[in-house]
Amino acid sequence: MAIVELRHVNKRYPEGQSLVVSDFNLTTADGEFVVLVGPSGCGKTTTMRMIAGLEEHTGGDIFIGGVNVGGVAPKDRDVAMVFQSYALYPHMNVRENMSFSLKLRKYPKDEVQRRVEGAARMLGIDALLERKPAALSGGQRQRVALGRAIVRQPQVFLMDEPLSNLDAKLRVDMRAEIIKLHHNLGITTFYVTHDQTEAMTMGQRIVVMRDGVAQQIDAPGALYEQPANRFVAGFIGTPSMNFLDADVVGGVAGGHDFSLKLDAEGLRAVQDRSRVCVGVRPEHLHLAREERPDCWLRGVVEVVEPLGALTLIHVRVGNATLTAQIAPHRKAQIGDAVTLTCGAERLYLFDPQSGERIKGIRHPDAAS
């Protein structure tokens, strides 16, 4: 296990191109599971490859276990990487794939056998050791790739979208397997994904990246409830947060077909502002039961998605389409005119120019 530290790390490709990763700063706890998440091209895989030494950082410093690894070859960094493509040798069986790196390092045969068979038992692939990769399912191949990393007993695991080639159900199963593995092994782990659900369910801390810049580094709950800016708010959460540009008049954020009365915290946030961006999550929007709620949004249902335990409805409000999560017994049909409502304490407020959050949510049962 090891603490990994990145200090002001930059990556710029040649020929004067813009920074791919800009001023990245992070210090892990020993044994922490850190997820790098963001859209394609945001720099998350490049950041991981710089930790591995597969990409050279062009500024700043990277420390693994207190050692500055700038200029240290990948094989000497004591890290193990699991790739999206599995990267198994097709002519070798499972045992040979898992033991290959140990044999290169000339480990004793009995030690190699002990490590391979122990990792195989842990991953439930001990009955597959004599099979070739072509005879394995996608999930089994991914377990072999994990096993090959485990036998190394590295200071750091690096996982680059290892589940992206699996079907939906197998992804969920393998997420649980990786979480259990991390709990049992306690090795510092970096995990790259573009799937925010994966990030939220797996990470002890999450780094949300955009255009090479870490937008926010926080625990899953903090990212969800107190996003630093509109990008993080819209990226984290399924379905994503709804946004409305509003005029501020007399303590109300309003616009075409909506009026949202602000609470005391909201009023403080918008003082001296005439415009604000309002955010509200789908689970906080409901079909109005009362005639004139303090916060209302009127529109027409465009799409209905029954999901069993809940129903999502997409409602056109002015120039925006909002998603609301309603109970399945609350019936709504395409074309219905509806009024949505939410509690004022559930409204997020963002600066319309910078996108920075100026008000988060306050739970109704929180102490005042």
Side-chain angles (χ1 to χ4, degrees), residues 20 33-55 74 79-101 116 119-152 154 156-185 187-203 206-209 220 235-236 238 240:
V20 180
F33 196 115
V34 177
V35 177
L36 305 177
V37 67
S40 296
C42 70
K44 55 190 185 295
T45 293
T46 301
T47 301
M48 177 177 285
R49 289 174 64 84
M50 287 191 290
I51 297 171
L54 301 176
E55 294 272 2
V79 302
M81 194 157 181
V82 180
F83 296 92
Q84 177 181 351
S85 62
Y86 315 139
L88 302 178
Y89 295 108
H91 64 287
M92 296 182 182
N93 63 24
V94 170
R95 184 187 298 276
E96 291 165 337
N97 265 285
M98 290 175 64
S99 62
F100 185 68
S101 64
V116 168
R121 281 194 301 273
M122 187 184 302
L123 292 162
I125 56 173
D126 43 324
L128 307 176
L129 288 172
E130 308 310 318
R131 292 192 190 179
K132 298 280 182 67
L136 304 177
S137 69
Q140 289 168 339
R141 292 181 196 180
Q142 192 54 269
R143 283 181 165 85
V144 176
L146 287 168
R148 185 178 53 189
I150 290 169
V151 298
R152 291 268 310 278
V156 180
F157 280 139
L158 304 172
M159 301 187 185
D160 187 11
E161 304 211 39
L163 308 184
S164 60
N165 290 333
L166 305 181
D167 63 56
K169 183 182 184 307
L170 198 50
R171 283 179 72 126
V172 173
D173 293 342
M174 284 303 298
R175 282 207 306 256
E177 289 295 326
I178 291 173
I179 292 168
K180 285 192 289 185
L181 276 173
H182 177 260
H183 178 76
N184 292 333
L185 298 173
I187 294 175
T188 304
T189 301
F190 283 82
Y191 187 102
V192 161
T193 182
H194 63 274
D195 184 335
Q196 60 90 18
T197 300
E198 246 176 48
M200 292 291 283
T201 55
M202 299 179 76
I206 300 172
V207 182
V208 181
M209 296 189 69
F235 193 84
I236 297 296
T238 303
S240 59

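Nearest heavy atom pair, residue Tyr86 against residue Gly138, reads OH-O, 3.7 Å. Considering all non-hydrogen atoms of both residues, Ala149 and Pro154 come closest at O-CD, 3.6 Å. Nearest approach of Val79 to Leu158, heavy atoms of both residues: CG2-CD1, 4.0 Å. Considering every non-hydrogen atom in both Leu185 and Ile150, the closest pair reads CD1-CG1, 4.0 Å. Across all their heavy atoms, Ala119 and Met98 have their closest contact at CB-CE, 3.8 Å. Minimum interatomic distance between Ala199 and Val35 (heavy atoms only, all atoms of both residues): CB-CG1, 3.6 Å.
Within the model, atoms CG of Asp126 and CZ of Arg95 stand 10.0 Å from one another, a figure rounded to the nearest 0.5 Å. To the nearest 0.5 Å, atom CG of residue Asn93 and atom CG of residue Leu88 are 11.5 Å apart. Leu181 contributes atom CG, which lies 6.5 Å from atom CE of Met122 (distance to the nearest 0.5 angstrom). Here the CG-CG distance, from Leu166 to Asp173, works out to 9.5 Å after rounding to the nearest 0.5 Å. Of the inter-residue distances, the one linking Leu163 atom CG with Glu161 atom CD reads 9.5 Å to the nearest 0.5 angstrom.
In this structure, the side chains of Ser164 and Arg171 come closer than 4.5 Å at one or more pairs of heavy atoms. Using a 4.5 Å cut-off on side-chain heavy atoms (C-beta onward), Met209 and Thr47 make contact. Here the side chains of Leu146 and Met159 are in contact, with some heavy-atom distance below 4.5 Å. Using a 4.5 Å cut-off on side-chain heavy atoms (C-beta onward), Lys44 and Val37 make no contact. Between Asn165 and Arg141 the shortest side-chain heavy-atom distance does not fall below 4.5 Å. Counting only heavy atoms from C-beta outward, the side chains of Ile125 and Leu136 never approach each other to under 4.5 Å.
A donor-acceptor pair under 3.5 Å links the side-chain atoms of Thr189 to the main chain of Ile187, judged by distance alone. Proximity of a side-chain donor or acceptor of Arg148 to a complementary backbone N or O of Asn97 within less than 3.5 Å is not detected. Under the 3.5 Å distance criterion, the side-chain polar atoms of Gln142 are left unmatched by any main-chain donor or acceptor of Gly139.
Annotation: salt bridge (charged side-chain N to carboxylate O under 4.0 Å, His left out) contacts of Lys132 (sequence neighbours excluded): none. Not counting sequence neighbours, Ser40 has no partner by the side chain to side chain donor-acceptor pair (under 3.5 Å) test. Phe235 meets the ring-ring contact (aromatic ring centres under 6.0 Å, His included) test with Phe231; sequence neighbours excluded. Scanning for side chain to side chain donor-acceptor pair (under 3.5 Å) contacts around Asp167 gives an empty result, with sequence neighbours left out. For Ser137, the side-chain contact (heavy atoms from CB on, under 4.5 Å) partners two or more places apart in sequence, or in a different chain, are Gln140. Remark: Phe100 engages Tyr89 in a ring-ring contact (aromatic ring centres under 6.0 Å, His included) (not counting sequence neighbours). Under the side-chain contact (heavy atoms from CB on, under 4.5 Å) criterion, Thr45 pairs with Arg49, Asp160, Val192, not counting sequence neighbours. Annotation: side-chain contact (heavy atoms from CB on, under 4.5 Å) contacts of Pro220 (sequence neighbours excluded): Met200, Ile206. Take Phe190 and apply the ring-ring contact (aromatic ring centres under 6.0 Å, His included) test, not counting sequence neighbours, and it matches no residue. In terms of the side chain to side chain donor-acceptor pair (under 3.5 Å) criterion, residue partners of Thr193 (sequence neighbours excluded) are, by chain and number, Glu198. Looking at residues two or more places apart in sequence or on another chain, you find a side chain to side chain donor-acceptor pair (under 3.5 Å) between Thr201 and Arg175. The ring-ring contact (aromatic ring centres under 6.0 Å, His included) test applied to His182 returns Phe33, not counting sequence neighbours.
No donor-acceptor contact under 3.5 angstrom links the side chains of Thr46 and Glu55, judged on distance only.
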